[in-house]
Amino acid sequence: MRTLITNGTIVTAEGSSEADMLIDGETIAHIGRDLAGAGMAADETIDAAGRYVIPGAIDVHTHMELPFGGTFAKDTFETGTRAAAFGGTTTIVDFAVQTRGRSLREGLDAWHAKAEGKAVADYGFHMIMSDVNDDTLAEMDHLVAEGVPDFKLFTAYPGVFYSDDGAIFRAMQQTAKNGGLIMMHAENGMAIDVVAADLVSAGKTDPYYHGVARYPIFEGEATNRVIRLAEAAGVPVYIVHLSARDALDELRAARDRGAMAFAETCPQYLFLSLDDMKDGFEGAKYICSPPLRPADHQEELWRGLVKDDLQVVSTDHCPFDFEGQKELGRDDFRKVPNGLPGVEDRVDLLHDGGVVGGRLSRERWVEVISTAPAKLFGMYPRKGAVAVGSDADLVVYDPNRTRTISARTHHMDVDYSCYEGREVQGASDVVLSRGAVIVRDGEFTGRPGHGQFIKRSTADVARMG
Ligand code: URP
Ligand code: ZN
Ligand code: ZN
């Protein structure tokens, strides 16, 4: 199958140009002006006039079917990658989970089973490490070799995913040897639990107090601590879902002194705030960790993206229905499963708030949603690029079309939207995954099982300049 995309503006992290593109099979074969005039025939031509052609977006932080708080995140690999595709995201990297007392292998096999034959777009895995011991440390080397080179550890969630500093440092020492990357959920979970227990004892059980208990300073402290541990081990570290100015200050200081510290933020921290949690139990819709912050943190995060203190925007997509799932915590915010839906909306929110809002150039928008995650997570230039030989994961993107976000029209399998009623400018018209059109003008044209496991290489920190 050969497809021509004509008359579009190709936007990459490096720049923009008017050019056509020929896709042959699963990859990009030619880029140039008037390819049809130059005699290049195709089975199908997509006219991208007035629109951008961008590399398919990459979301390196999703949780399909994550077990949390006695329930499971609702999207499967089928519904989740389908929703992602509607929003212009053609690759996700999801977190496989090691159950305490079991092997990493068992956890990884379980995640392969969830995804294989179901995903409609490509996917990779990181590994959540719940136990650090001689056996799991040895297993890390095997996973790196199998294309799962990143390991998430937590200074939060005591009794669930929490690791102490010694365990984190041992895992970092191992990645110093095997080239893997440690991803850190950096909040001081022990201190948070003390504050949360005090609030509940005082009768403050509403969802809003989830946001109150998790002080920004607890995120700043843990961010500094894990970066310092990584510096001591001589390895890069990646901070996930950075939400607070306090953490950004620590990250910036570390990068200024030359530390190999990288981080993502998420749309919820750029667009939502602690005020959204104030509406009684409705606030449970916004319970995630780290929590939403006071609104004055938002502009600092945008500035972090502009200045490359923050390299990536991912979603931390972890959807729980309001009815029946978030409701598990009606009497105590600590029992509300943590996580928000978002995989479908990231690209448009960032275009609207970033490019249309005058904060990001369109090239930087492409960089934070696609190219930087591809580089940091060992997929570049197969993914995250518009280049001859790259996978034809492409989005024909209309920067002028507006749409209104709503649970009534979204494709995520969850009964609410955090952005209900918000109008955004910019939308994906045609989405291709390895040369196949999987979404066209609001219709799904892909199939479960099209998505393939992407065996990734180790983090290409050198490319992050
Ligand atoms: O609230 C969140 N972020 N839920 C997903 C688990 C995690 O910590 O990433
Ligand atoms: Zn986390
Ligand atoms: Zn997460």
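The basis for the numbers below is simple: all heavy atoms, side chains too, and nothing from hydrogens, waters or symmetry mates. The first residue of the sequence shown is numbered 1, and numbering continues consecutively from there. Order of listing sets the numbers, starting from 1, for every ligand and every atom in it. Everything numeric here is computed off the predicted structure, so don't read it as measured data.
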Is the side chain of Glu344 donor-acceptor paired with the backbone N or O of His411 at a distance under 3.5 Å, no angle test? yes
If only atom types and distance count, is the side chain of Gln98 paired as donor or acceptor with the main-chain N or O of Glu106 below 3.5 Å?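 Judged by distance alone, no pair lies under 3.5 Å.
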Would you give me the side-chain donor-acceptor pairs under 3.5 Å for residues 194-206, sequence neighbours excluded?
residue: Ser201; atom: OG; partner: Ala197; partner atom: O; Å: 2.9

Quick one: table the atom pairs, ligand 1 N or O against protein N or O, below 3.5 Å, distance rounded to 0.1 Å.
residue: ligand 1; atom: 1 (O); partner: Ser289; partner atom: N; Å: 2.8
residue: ligand 1; atom: 1 (O); partner: Gly339; partner atom: N; Å: 3.4
residue: ligand 1; atom: 3 (N); partner: Ser289; partner atom: O; Å: 2.9
residue: ligand 1; atom: 3 (N); partner: Asp316; partner atom: OD2; Å: 2.6
residue: ligand 1; atom: 4 (N); partner: Asn338; partner atom: O; Å: 3.0
residue: ligand 1; atom: 8 (O); partner: Tyr157; partner atom: OH; Å: 2.8
residue: ligand 1; atom: 8 (O); partner: His185; partner atom: ND1; Å: 3.1
residue: ligand 1; atom: 9 (O); partner: His63; partner atom: NE2; Å: 3.1
residue: ligand 1; atom: 9 (O); partner: Lys152; partner atom: NZ; Å: 2.9
residue: ligand 1; atom: 9 (O); partner: Asp316; partner atom: OD1; Å: 3.2

Can a side-chain donor-acceptor contact be found between Arg225 and Thr155 if the only test is distance below 3.5 angstrom? no
Under a 3.5 Å threshold, yes or no: a donor from one side chain and an acceptor from the other, between Thr315 and Asp59?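 Result is yes, a qualifying pair exists.
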Tell me whether Lys375 forms a cation-pi arrangement with Tyr380, defined as NZ or CZ under 6.0 Å from the six-membered ring centre and within 45 degrees of its axis. yes
Is the ring pair Tyr123/Phe453 parallel, tilted or perpendicular, if the boundaries are 30 and 60 degrees? tilted
Taking the six-membered ring for Trp, are His241 and His185 parallel (under 30°), tilted (30 to 60°) or perpendicular (over 60°)?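 Judged by the thresholds at 30° and 60°, the geometry between His241 and His185 is perpendicular.
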Under 2.8 Å from the Zn ion (ligand 2), which protein N, O or S atoms do you find? Ignore water molecules. Lys152 NZ, His185 ND1, His241 NE2
The criterion is side-chain hydrogen bond (donor to acceptor under 3.5 Å, both in side chains); which residues satisfy it with Thr265, sequence neighbours excluded? none
